[in-house]
Amino acid sequence: MSIVLGANQYGKAEVRIVRVDRATPVHRVTDLNVTSQLRGDFAACHVDGDNSAVIATDTQKNTVYAFARDGVGAPEAFLTRLAEHFTGFPQVSGGRWYAEQYGWDRIVADGSEHDHAFVRSGREARTALVHADASGLTVLAGLRDCTVLKSTGSEFHGFPRDRYTTLPEVSDRILATDVTAWWRYAPGFDGDHDARFDAVRALLLETFATLHSLALQQTVYAMGRAVLEAFDDIVEIRLSCPNNHHFLVDLEPFGLDNPGEVFFAADRPYGLIEAAVTRSGVEDHPVWNTIGGFV
Ligand SMILES: O=c1[nH]c(=O)c2[nH]c(=O)[nH]c2[nH]1
């Protein structure tokens with residue numbers, strides 16, 4: 001039996017860049033966490049310790065900072081620049097560039113938005129991924145931990161019951177989740193990434209709000225479907241949504257009723273609903289193998 005090196009990639013993870021755009025006194029802040037990973041002809045390093053082809057992870061980090069000097073723009077565009085740069089090295093056959101972008105809102109002071117003071121806009125992050133292989137570049141955009149809740153307009157009933165089923169059927173409940181979504185652009189997409197991100201996010205939220213939900217599964221599929229219906233140049237979308245359960249507290253021991261007003265917000269265990277929504281005939285794309293925690 002001989003032992004051989006299998007798939008490998010290497011790079012610098014979580015390069016934090018905060019870029020301040022000072023073109024006017026109204027500063028703009030872009031806050032990114034970038035991971036760069038290269039694939040290619042690196043067997044000699046793994047097998048013999050021969051580093052002659054290795055673009056050091058430190059060099060990858062420095063390249064990220066240097067490229068930010070020219071401006072960052074949309075994370076998808078920034079990662080595409082990095083992908084094009086690194087795949088220009090003959091020993092690099094592909095790679096994976098991933099970014100999370102954290103939002104900062106302007107602080108309102110004296111009744112107006114401040115020029116250069118900001119407050120973090122919560123746990124949610126915008127995400128982007130550029131994947132390069134022999135077939136070219138693939139761009140995914142997404143978001144994670146977009147926490148949403150609706151206080152009615154959600155039911156769950158009609159499920160099978162067996163000796164282990166205790167869940168009551170409900171025709172009115174809280175529906176809450178932290179949306180994580182990734183969507184894949186058609187090859188060559190050259191639209192405005194920022195505008196498109198805003199439009200997709202708005203559509204996901206609008207669908208969550210307006211669909212009268214009979215199951216979180218139905219809501220998740222409807223959110224994905226709405227995005228594919230609205231944008232021809234998005235090929236497919238994947239969603240992962242925990243069901244953040246809110247259980248009605250039994251107030252009867254205190255002689256009180258509880259007409260859907262007092263809930264216990266459980267943190268675990270939680271349901272986990274995941275779905276890929278795609279166009280019929282689209283083949284499985286290798287980029288999805290580079291994303292963990294999804295169907
Ligand atoms: O929307 C839901 N889907 C389920 O599959 C499920 N299972 C469960 O216990 N509660 C819920 N809610």
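Starting from 1, each residue takes its place in the sequence as its number. As the structure lists them, so they are numbered: ligands from 1, and atoms in each ligand from 1.
- Between Asp105 and Arg120, no side-chain nitrogen of the basic residue sits less than 4.0 Å from a carboxylate oxygen of the acidic one, so the salt-bridge criterion is not met.
- Salt-bridge formation is detected for the pair Asp58/Lys61: a Lys NZ or Arg NE/NH1/NH2 atom is positioned less than 4.0 Å from an Asp or Glu carboxylate oxygen.
- Every protein residue with a heavy atom nearer than 4.0 Å to ligand 1 is included here: Phe156, Leu167, Arg173, Ala215, Leu216, Gln217, Asn243.
- Considering only residues two or more places apart in sequence or on other chains, Glu100 meets the side chain to side chain contact (heavy atoms under 4.5 Å, CB included) condition with Asn33, Tyr98, Tyr102, Ala125, Thr127, Arg144.
- Leu214 belongs to no hydrophobic cluster, as no Ile, Leu, Val, Met, Phe, Trp or Tyr side chain comes under 4.5 Å of its own.
- Cluster partners of Phe159, by chain and number: Phe156, Leu167, Val170. The rule joins Ile, Leu, Val, Met, Phe, Trp and Tyr whenever side-chain heavy atoms lie under 4.5 Å apart.
- For the pair Thr35 and Glu14, the tightest heavy-atom approach, listed with the atom from each and the gap, is OG1-N, 3.0 Å.
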